[in-house]
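These figures come from a predicted structure and were not determined experimentally. Convention: sequence-line order gives letters A, B, ...; per-chain numbering from 1.
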Amino acid sequence: MTATQEPTAVTHGGTKPAYKYIGSDRKRVEDPRLLVGRGGYVADMKMQGLLHAAILRSPLPHARIASIDTSGAEAIPGVIAVLTGEDCKAHMNPCMNFGPSTISQYPIAVDKVRYVGECVAVVVAESRYVAEDGIEALEVEFDELPAVTNPHAALEPDAALLHDEHGSNLGYERTFEFGDITKALDDAHLVVSDTLHWGRSAGMPMETSGAIARPGTNGVLEVYCNSLNFSYLQFLVAGALRIPSNKLKMQPVAAGGSFGSKFTAHKVPTLAAFLALRTGRPVSYVEDRLDHLMNSDHHASDRYYEARMGFTEDGMITGLDVDVVDDYGAYLQFGVGTHGNALSQATGPYRFRDLRYKLRAALTNKCQQGAYRGFGSEVHNWVLERLVEQGAKKLGLAPEEIRRRNFIQPEEFPYKIPGGNVYDSGNYPEVLDRALSMIDVEHWRREKKRLREEEGRYIGLGIATTQERSVFSSTEFWFWFDEPAFPITSSPESATITIDPAGQFQLLLHCQAMWGNSPETVSTTVLAEEFGVEPESVNVSYADTSRALPGTGPGGSRYTVMVAGAVRGASRKLKKKLIDIAAHSLEVSADDLELVDGRVQVVGAPERSLGIPDLAASAYFFALNLPPGMESGLEEAYTYDHPYTTLPSADRSDLGVFYPIMGHACHIAVMEVDPDTGRCSFLDYVAVHDAGTVVNPKSLGGHVTGGSAQGLGTSLYEELAYDTEGQFNSATFLDYLVPSANEVPPFRIGHVETPSPYTEYGIKGGGEGGRMVTPSVVSAAVDDALAEYGMHVQELPVRPATIVETVQDAIDARQ
Amino acid sequence: MTTAENPATATDTRTITLLVNGREVTRAVSTRTTLSDFLREDLDLVSVHLGCEHGVCGCCTVLFDGESVRACLMLAVQARGHEVETVESLSADQNDLHPIQQSFAEEQGLQCGFCTPAMVLRAKEILADGRERSDAEVRSDISGILCRCTGYQNIVNAVQNAGRKLSRGANGGAGTHDGVGTSAVDGAETEQATDIDRAPGFDGPAGTEQRG
Amino acid sequence: MKPPRFLYCDPDTLEEAVALKSQHEFDALVLAGGQSLMPMLNMRLAGPEVLIDINGVTDLQHIGRINGTLEIGAGVRQSVLEAHSEAAVAVPLIAAAMPHIGHIENRHRGTVGGSIAHADAAAELPCTAVTLDAVIVVRSERGERQIAATDFFQGFLTNACEPDELVVAIRYPVTSPTAGSAFTEFARREGDFALASAGAVAEVDADGRFTSVAIGVGSITTKPVRARAIEEALLGRAATSDVIKDAARQIGDAVTLSSDMHATSRYRRHLATTVVTRAVAAAAADAQNRSAS
């Protein structure tokens with residue numbers, strides 16, 4: 001295998017070309033159908049003879065399943081089947097899994113339950129109502145086992161084992177060191193350290209995961225689902241089901257939000273497929289909210305850090321030492337990819353060279369973890385910014401000043417960070433300056449003092465700057481392992497453009513369907529830019545896996561960049577064909593023709609032209625008008641591979657380039673904290689992001705705002721909480737606190753555009769950014785508001801109780 | 001599916017007549033069928049989305065005798081003799097949207113669309129009085145419906161935009177259902193770097209504990 | 001999350017409803033606004049054999065003054081009470097508390113009697129009932145009883161009704177026009193159940209001293225309680241913030257709820273003090289405004 005070398009930079013010439021469609025606040029093409037309530041979600045599908053499944057969720061965190069009496073359920077009229085782990089053991093293979101093979105998982109627990117909420121049995125019935133009646137009639141005997149809930153205790157030798165085959169509760173361990181961290185910290189003028197805990201939350205879309213599976217013709221099993229990156233992973237689902245991959249057709253269905261929660265979410269479609277295979281009937285399994293909260297495909301990061309950072313006397317960062325224990329829950333389906341994300345921007349926007357990153361993945365009796373907006377990089381951002389904040393305080397530097405001193409400078413790009421990833425481009429001082437221009441921090445610093453003295457109010461200011469990596473390469477799935485089972489290097493995206501015989505455009509995308517992002521708006525905007533037709537006139541559809549070209553789907557802020565590349569590539573091929581047909585018809589050289597506003601015309605003589613419908617008619621109906629040897633029809637496909645990725649070195653001293661399209665953001669928040677209730681509110685909030693060339697400012701602003709709101713939830717409200725016994729305390733939306741409009745402030749958004757030299761149009765991904773910054777800025781602002789009480793946020797979410805107790809402790813200590 | 005033939009649910013079935021989106025409908029329903037399931041399954045009004053089925057997320061919001069309610073917290077049989085409106089009552093035609101729906105499109109007050117019908121219905125309800133609303137008022141008004149995508153700002157903008165559109169329509173201006181072409185706020189900027197002392201939309205801390 | 005099977009009854013009259021409750025007793029649950037019961041049915045935390053839907057009982061829909069009290073029928077929607085100007089004048093504490101109950105979508109459907117009967121220690125209406133010495137009117141085929149609010153709420157989601165009894169009305173004593181009222185609560189999100197709440201009604205004399213004060217506190221124990229010791233400590237004292245804060249401190253001792261994911265017990269003690277302090281201060285300020293005007 002050879003590594004891809006640094007690609008030739010696409011020249012953007014310093015100034016952005018004038019685009020007709022790209023860069024304007026156009027309305028989204030997805031919206032009209034959504035506004036009339038016809039989003040086409042999986043639960044909206046009707047099907048003849050459709051059965052419905054409900055699951056029995058484990059009431060215990062850790063137990064052997066001694067027996068399951070299904071007779072009561074089976075006796076209920078309308079119950080069709082009851083399935084248990086025994087059926088899985090007999091008729092399927094373990095689910096897809098990026099972790100060690102000694103940690104296997106089925107969609108129904110086999111032999112043991114390992115967390116509260118894990119699926120113990122499934123009832124398939126004529127309605128969901130009856131299926132739930134069946135669940136109530138099941139009788140299960142468990143032999144309870146000790147619950148392992150503390151990730152540090154889980155790693156002790158005497159801890160109960162979750163997976164006997166694995167031999168320990170250590171799912172994974174590795175230390176990466178780049179540079180000489182010992183020396184960097186020894187030589188530092190100041191070393192700050194912190195113990196931090198990032199609590200467990202999740203993407204928690206308003207629509208849960210769901211799938212309908214139907215035995216179709218030719219022995220093909222059709223699965224309609226709102227999850228999974230199936231054209232990438234469909235064969236793994238087929239493998240779990242023990243059917244040939246060409247007998248499993250997965251059709252993407254629009255999702256009511258994902259934010260990572262549906263990214264490679266395999267349990268739901270695999271379960272629906274298994275039920276359809278066992279019953280021979282179409283079966284729907286749509287999680288209800290309790291299923292989703294307790295037994296979703298994955299919760300998100302739950303990490304405990306010991307971290308240190310060194311500084312020179314004038315505030316230059318010398319190095320970062322991170323020791324993280326990640327509470328992975330009961331399974332390790334994702335491997336440790338969320339930490340690969342952290343390593344892609346481990347040094348943030350700063351210039352230091354020495355880094356150590358030690359990871360231990362602990363297995364505990366909790367739901368497994370996986371993706372959530374930021375994919376683990378947002379956690380590392382928070383740790384990094386917490387340490388920078390502390391350094392600034394101890395060195396007497398303003399938060400903006402310490403960052404400015406450490407920024408990688410615009411002329412230093414492309415910039416290779418310790419660990420090997422490359423940052424493509426950026427202008428961090430400009431982003432900071434832009435944010436500072438939108439809010440008068442000196443005014444607020446005066447106000448903070450005045451309001452404290454005159455009104456007894458507590459105001460705090462937070463500033464954070466953060467990287468927003470985008471466009472992942474699949475090498476991050478395996479560089480963790482010295483002998484990876486499947487060292488994949490592809491992460492492509494495809495598009496097929498068809499001009500039909502009447503000259504109308506069809507655009508086929510080969511990814512998961514719309515998840516709340518704007519794949520159709522982005523792809524039709526690019527198509528419009530290339531052909532000069534109105535985006536709204538293009539019909540977009542999504543390939544099922546029987547037709548799909550290579551695709552990876554949304555995730556890691558990649559889709560806008562990747563689909564733009566795919567659509568532009570397909571456009572180039574199709575435009576060439578149109579021009580060749582026109583050249584033949586007009587009897588001119590193809591070099592003398594150009595495509596302008598939907599017509600092919602002679603350069604300098606636009607009156608000599610042919611419209612796309614004329615050319616389409618030729619392509620479909622008048623073969624004798626085509627150039628000799630040309631195929632009839634007007635359809636071109638293009639698969640756009642990752643624009644810039646390289647292999648890791650064999651010894652992993654260099655992880656290669658795997659996340660090079662690097663955005664950046666600066667958020668500034670002014671918060672008020674009530675020390676007697678712990679209430680946190682916002683007086684102002686600005687968020688400036690650089691996601692390269694902006695395709696649609698309003699859409700990008702919407703993603704920044706939405707991501708920031710989620711970051712706010714992670715910071716102050718949301719918690720998937722297990723108690724020390726392993727019971728789950730967040731089983732309803734009364735306890736898992738998704739912020740409402742009352743909790744979310746009016747974020748003021750700014751954009752800076754530093755195009756990527758490596759992507760089409762210079763676009764960078766920007767879908768995850770908000771959430772990658774908000775926790776840092778909220779933590780800093782809360783600390784600042786209550787600095788006189790020694791407030792120091794070490795755990796998210798920051799609970800009101802923590803705030804009030806910190807203040808009370810300080811008051812008690814003074815007395 | 002809650003058909004009368006279903007042996008498990010046929011034990012207690014009622015025939016109900018109600019007004020749905022202006023039309024009288026009569027159906028036999030199992031008495032344990034929720035209103036949300038009845039609208040979705042029996043009447044195919046799949047705009048009523050099930051987000052939590054315990055009355056918190058608000059995605060199943062419908063107007064019941066003109067007032068917003070959680071359809072998951074009602075039984076279908078309780079709607080007998082009442083009027084129910086879903087988002088289809090504004091417009092079910094993607095090519096001829098109601099001004100409120102148009103405003104949501106113009107302001108991108110939606111992303112995944114799952115809370116959207118509820119938000120649009122709630123907007124209709126609150127805008128009925130024709131009063132202009134501040135950012136903070138709209139936030140409070142829509143706080144019973146959770147949106148996970150937008151961070152709410154574009155929804156707030158959409159509701160305010162719709163209010164202006166509807167009041168122009170009421171005054172015989174351009175804002176009629178059929179006549180509205182372009183957004184009233186096409187020129188609005190996503191960032192406002194000028195008014196630094198008092199940020200737009202920040203009405204000061206509206207304390208949960210400060211009311212009353 | 002779908003409701004289990006039950007026998008559904010929807011009486012048109014109070015007599016029919018009472019007869020059904022007498023007939024089925026423990027086997028029956030009463031469906032009022034459904035904002036608490038329906039989630040429990042959907043989650044199958046409740047599984048009644050019989051569901052008595054009282055939404056069609058028009059006898060329960062009245063609001064009016066009777067013998068110095070404001071009587072509110074059990075079936076009155078919370079949003080109707082919230083918008084009822086006469087009720088707001090008669091018992092200002094109700095108007096202050098209503099917006100805190102869930103969200104408007106809940107109040108459009110939720111009923112006054114449903115909230116009272118559900119007897120949630122964190123709910124607003126039970127707290128107002130205790131604060132104001134309201135009387136709960138319950139009826140069975142054996143007759144009608146009036147139960148003082150402080151006796152009605154007995155513990156975690158437990159009320160004093162016999163299994164054949166139905167809550168039919170709540171009677172609030174009409175508040176003196178010179179009294180000030182305030183309701184204060186703190187929830188993690190607006191609309192959530194309060195982590196601590198307090199209702200206060202107070203009168204102050206020309207010297208700014210408390211001549212009467214009533215304080216009810218929610219969400220600190222398994223039922224809403226009166227803070228009588230604080231009331232006594234405040235009577236005759238000047239309504240200054242220091243006095244109020246000092247007196248309010250002892251509410252911390254009444255907190256019995258143990259720590260949960262939203263509130264440690266230590267935090268809840270401090271929060272209870274805070275909401276009581278703020279409610280009493282606001283009620284006193286309201287009283288002074290009323291005297292001035």
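Expressed to the nearest 0.5 Å, how far CG of C:D10 lies from CD of B:Q78 amounts to 9.0 Å. Annotation: the span from C:M38 atom CE to B:R70 atom CZ amounts to 13.5 Å, rounded to 0.5 Å.
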- Message: Quick one, B:H54 with C:M43, criterion side-chain contact (heavy atoms from CB on, under 4.5 Å). Give me CA distance, side-chain angles, the key distance, then yes/no.
- Response: CA-CA 8 Å; B:H54 55 281; C:M43 293 186 211; 3.4 Å; yes

- Message: Using side-chain contact (heavy atoms from CB on, under 4.5 Å), reason through B:L50 and C:M1 one step at a time and then give a plain yes or no.
- Response: CA-CA 10 Å; B:L50 302 182; C:M1 288 172 70; over 6 Å; no

- Show the numbers, then the answer: is there a side-chain contact (heavy atoms from CB on, under 4.5 Å) between B:R139 and C:E190? CA-CA 11 Å; B:R139 281 174 189 276; C:E190 199 165 319; over 6 Å; no

- Query: What's the verdict on side-chain contact (heavy atoms from CB on, under 4.5 Å) for C:H103 and B:T61, showing C-alpha distance, side-chain angles and the deciding distance?
  - Reply: CA-CA 12 Å; C:H103 294 277; B:T61 299; over 6 Å; no

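Between C:K2 and B:E53, at least one side-chain nitrogen of the basic residue sits less than 4.0 Å from a carboxylate oxygen of the acidic one, meeting the salt-bridge criterion.
Only the side chain of B:T34 comes within contact range of chain C, judged by heavy atoms closer than 4.5 Å. Contacts of C:L51 with chain B are made by side-chain atoms alone, with heavy-atom separations under 4.5 Å and no backbone atom involved.
No cation-pi contact links B:R14 to C:Y8, judged by a cut-off of 6.0 Å to the six-membered ring centre and 45° from its axis.
Heavy-atom contacts from other residues, nucleotides or ligands closer than 6.0 Å to CZ of B:R23 number 12 or fewer.
The shortest distance between side-chain heavy atoms of C:E105 and B:E125 does not fall below 4.5 Å.
Under a 3.5 Å cut-off, the side chain of C:N42 and the backbone N or O of B:C72 do form a donor-acceptor pair. Of the possible polar contacts, one joining the C:H108 side chain to the B:S68 backbone as a donor-acceptor pair under 3.5 Å is found.
Among C:L31, C:L41, C:N55, the single residue meeting the side chain to side chain contact (heavy atoms under 4.5 Å, CB included) criterion with B:L75 is C:L31.
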